[in-house]
Amino acid sequence: MGLFSFTQNIAMDLGTANTIIISNDKIVVDEPSVVALDRRTDKMIAVGERAKMMYEKENPNIRTVRPLRDGVIADFNACEQMMRGLIKKVNSGRHLFTPSLRMVIGVPSGSTEVELRAVRDSAEHAGGRDVYLIFEPMAAALGIGLDVEAPEGNMVVDIGGGSTEIAVISLGGIVSNNSIRVAGDELTADIQEYMSRQHNVRVSERMAERIKIHVGSAITDLGEDAPEDYIVRGPNRITALPMEVPVGYEEIAHCMEKTIAKIESAILSALENTPPELYADIVNNGIYLAGGGALLRGLDKRLTDKINIPFHIAEDPLLSVAKGTGVALKNVDRFSFLMR
């Protein structure tokens, strides 16, 4: 980046849980989608990792916000400040004046016009001059390395923090899609509720997230891959005395059962609406899993057994959408599916 560069290209995966920014083919920002604001002035105090450390630990003068819920912007002002703060981290080099930004941003495929408008406005207020939007499953397919413009069907299931995006892609377009607001956050809420009901222990959202990472599983028999029990510490719901509860992956698999079943039926309903020729391609190629939810132990096996089509986990599921937005950014003029 020189002193006189006028335009800077950045690709952004604006996720409910994490925001990833790619510039010059490199991942320059990979931080939680959290912003901390001063209650009195509404000025930004911290963004990303630093704000996440304050989350659920703030004093009355600070409010930490996750501006995105269920994959869409829930707090417009906080989202704009968060985008500004994260884009600033990209522009740490010396510039005589701020370069104008050309941006490609991934959005959920079930977004309404109003939600798309909100993302576009936020990006423009944060300094974007040319803003292109790409549907997340399409970006995930590009990130996995699929040829999205080929005349054959590929199915991608992107399980993020706030929404699960399921799409059948052929000839550079989405043929059949299903976007449900059930994903990682819902699984975390299931764990919170289960710990409270079953073990009488109050756990925070962050603790539930840690339980999911350490012992989360989609099936009750992992064999040799079984993780060790995770020790949960927290206050008793009734007496407020400290408790230590060991949690095993089998009980977590049981408590997440209903939510995973919802994702299964959404995949089946997208397959129902798929034309037979493309369906045959999908059975042949298998279905690709991307997003943080793809890391849930045993999920690919469970879905393969249930649906009878092989499921493949993307090479780097957390980064699939971000890498895809990076590919789209390089080919802005070529890809017809980018929305302006």
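Both I287 and Y279 belong to a single network of hydrophobic side chains, linked directly or stepwise wherever heavy atoms of I, L, V, M, F, W or Y lie under 4.5 Å apart. Hydrophobic clustering, with ILVMFWY side chains joined whenever heavy atoms are under 4.5 angstrom apart, keeps I27 apart from V47. When hydrophobic clusters are built by joining Ile, Leu, Val, Met, Phe, Trp and Tyr residues whose side-chain heavy atoms come closer than 4.5 Å, directly or via intermediates, V327 is grouped together with I21. Hydrophobic clustering, with ILVMFWY side chains joined whenever heavy atoms are under 4.5 angstrom apart, groups V107 together with L14. By the criterion of side-chain heavy atoms lying less than 4.5 angstrom apart, applied directly or through intervening Ile, Leu, Val, Met, Phe, Trp or Tyr residues, V168 is grouped together with I263 in one hydrophobic cluster.
The shortest distance between side-chain heavy atoms of I22 and L329 does not fall below 4.5 Å. Residues V175 and L278 are in side-chain contact: their nearest non-hydrogen atoms beyond the backbone lie under 4.5 Å apart. With a 4.5 Å cut-off on side-chain heavy atoms, R69 and R66 count as touching. Within the 4.5 Å cutoff, the side chain of I105 has no heavy atoms near those of the Y132 side chain. By the 4.5 Å heavy-atom criterion applied to side chains, V29 and V90 are counted as neighbours. Considering only heavy atoms from C-beta on, I73 comes within 4.5 Å of S122 through its side chain. Residues N285 and E152 form a side-chain contact, since some pair of their non-hydrogen atoms from C-beta on lies under 4.5 Å apart. Looking only at side-chain heavy atoms (C-beta outward), L296 and L187 come within less than 4.5 Å of each other.
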(message) Could you go through M12 and V104, starting from their C-alpha distance and side-chain angles, then the distance that decides it, and tell me whether this counts as side-chain contact (heavy atoms from CB on, under 4.5 Å)?
(response) CA-CA 6 Å; M12 183 184 276; V104 174; over 6 Å; no

(request) For side-chain contact (heavy atoms from CB on, under 4.5 Å), just list the numbers for E205 and T188, CA-CA rounded to whole Å, side-chain angles, deciding distance to a tenth of an Å, and then say yes or no. (result) CA-CA 7 Å; E205 191 181 313; T188 307; 4.2 Å; yes

(request) Decide yes or no on side-chain hydrogen bond (donor to acceptor under 3.5 Å, both in side chains) for H199 and E251, but give the supporting numbers first. (result) CA-CA 11 Å; H199 295 290; E251 50 179 329; 3.1 Å; yes

(request) Test side-chain contact (heavy atoms from CB on, under 4.5 Å) on I62 and I45 and set out the steps. (result) CA-CA 8 Å; I62 299 172; I45 299 169; 3.8 Å; yes

(request) Evaluate side-chain contact (heavy atoms from CB on, under 4.5 Å) for E80 paired with D121, printing each intermediate quantity in order. (result) CA-CA 9 Å; E80 196 181 303; D121 286 353; over 6 Å; no

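To the nearest 0.5 Å, atom CD1 of residue I211 and atom CG of residue D190 are 12.0 Å apart. To the nearest 0.5 angstrom, E272 atom CD is 10.0 Å from S176 atom OG. Rounded to the nearest 0.5 Å, atoms CD1 (I282) and OG1 (T274) are 5.0 Å apart. Rounding to the nearest 0.5 Å places CG of L68 at 6.5 Å from OG1 of T19. H125 contributes atom NE2, which lies 8.5 Å from atom CZ of R84 (distance to the nearest 0.5 angstrom). Rounding to the nearest 0.5 Å gives a distance of 10.0 Å between CE of M103 and CG of L133.
Side chains of E58 and T64: a donor-acceptor N/O pair is present below 3.5 angstrom, by distance only. For the residue pair S179/E165, the side-chain donor-acceptor check at 3.5 Å is satisfied. There is no side-chain donor-acceptor pair under 3.5 Å between D70 and S163. Donor-acceptor pairing under 3.5 Å is lacking for the side chains of H214 and E209. Using modelled atom types and a 3.5 Å distance limit, the side chains of N77 and D42 yield a donor-acceptor pair.
In this structure a side-chain-to-backbone donor-acceptor pair under 3.5 Å is missing from Y288 to V157. In this structure, R181 contributes its side chain and G162 its backbone to no donor-acceptor pair below 3.5 Å. A donor-acceptor pair is defined here as one N or O able to donate and one able to accept, closer than 3.5 Å; no such pair exists between the side chain of T239 and the backbone of N236. In this structure, the side chain of T16 engages the main chain of G71 through a donor-acceptor pair within 3.5 Å. Checking side-chain atoms of R210 against main-chain N and O of Y230 turns up no donor-acceptor pair under 3.5 Å. Between the side chain of R297 and the backbone N or O of G216 there is at least one donor-acceptor pair closer than 3.5 Å. Judged purely by atom type and a 3.5 angstrom limit, D75 has no side-chain atom pairing as donor or acceptor with the backbone of P67. In this structure, R237 contributes its side chain and S196 its backbone to a donor-acceptor pair below 3.5 Å. For Q81 (side chain) and A78 (main-chain N/O), no donor-acceptor pair under 3.5 Å exists by modelled atom type. A donor-acceptor pair is defined here as one N or O able to donate and one able to accept, closer than 3.5 Å; such a pair exists between the side chain of R206 and the backbone of Y55.
What you find for T220 and E250 is that their closest heavy atoms are O-CG, 3.5 Å. Closest of all the heavy-atom pairs between I174 and P137 is CD1-CG, 4.4 Å. Across V156 and A141, no two heavy atoms sit closer than the pair CG2-CB, 3.8 Å. For the residue pair G106 and E136, the shortest heavy atom distance occurs at O-OE2, 3.5 Å. Between Y249 and P227 the shortest heavy-atom distance is CD2-CD, 3.7 Å. The heavy-atom pair separating A294 from I313 by the smallest distance is O-CD1, 3.6 Å.
The only option from I267, I159, T259 that meets the side chain to side chain contact (heavy atoms under 4.5 Å, CB included) definition with T164 turns out to be I159. Screening S269, S265, S109 for a side chain to side chain donor-acceptor pair (under 3.5 Å) involving N178 leaves a single residue, S269.
When the shell of 6.0 Å around CE of M53 is examined, it contains 12 or fewer heavy atoms from other residues, nucleotides or ligands. No more than 12 heavy-atom neighbours from other residues, nucleotides or ligands sit within 6.0 angstrom of CD on E315. For E149, the CD atom is densely surrounded, since the number of other residues' heavy atoms within 6.0 Å is greater than 12.
A salt bridge links E193 with R197: the distance from a Lys NZ or Arg NE/NH1/NH2 to an Asp or Glu carboxylate oxygen falls below 4.0 Å. A salt bridge is absent between D221 and R302: the closest approach of a Lys/Arg side-chain nitrogen to an acidic carboxylate oxygen does not fall below 4.0 angstrom. Salt-bridge annotation for K330 and D25: present, with a side-chain N of the basic residue lying under 4.0 Å from a carboxylate O of the acidic one. A salt bridge does not link K52 with E31: every distance from a Lys NZ or Arg NE/NH1/NH2 to an Asp or Glu carboxylate oxygen is 4.0 Å or more. Checked for salt-bridge contact, E186 and K262 meet the test: a charged N lies under 4.0 Å from a carboxylate O.
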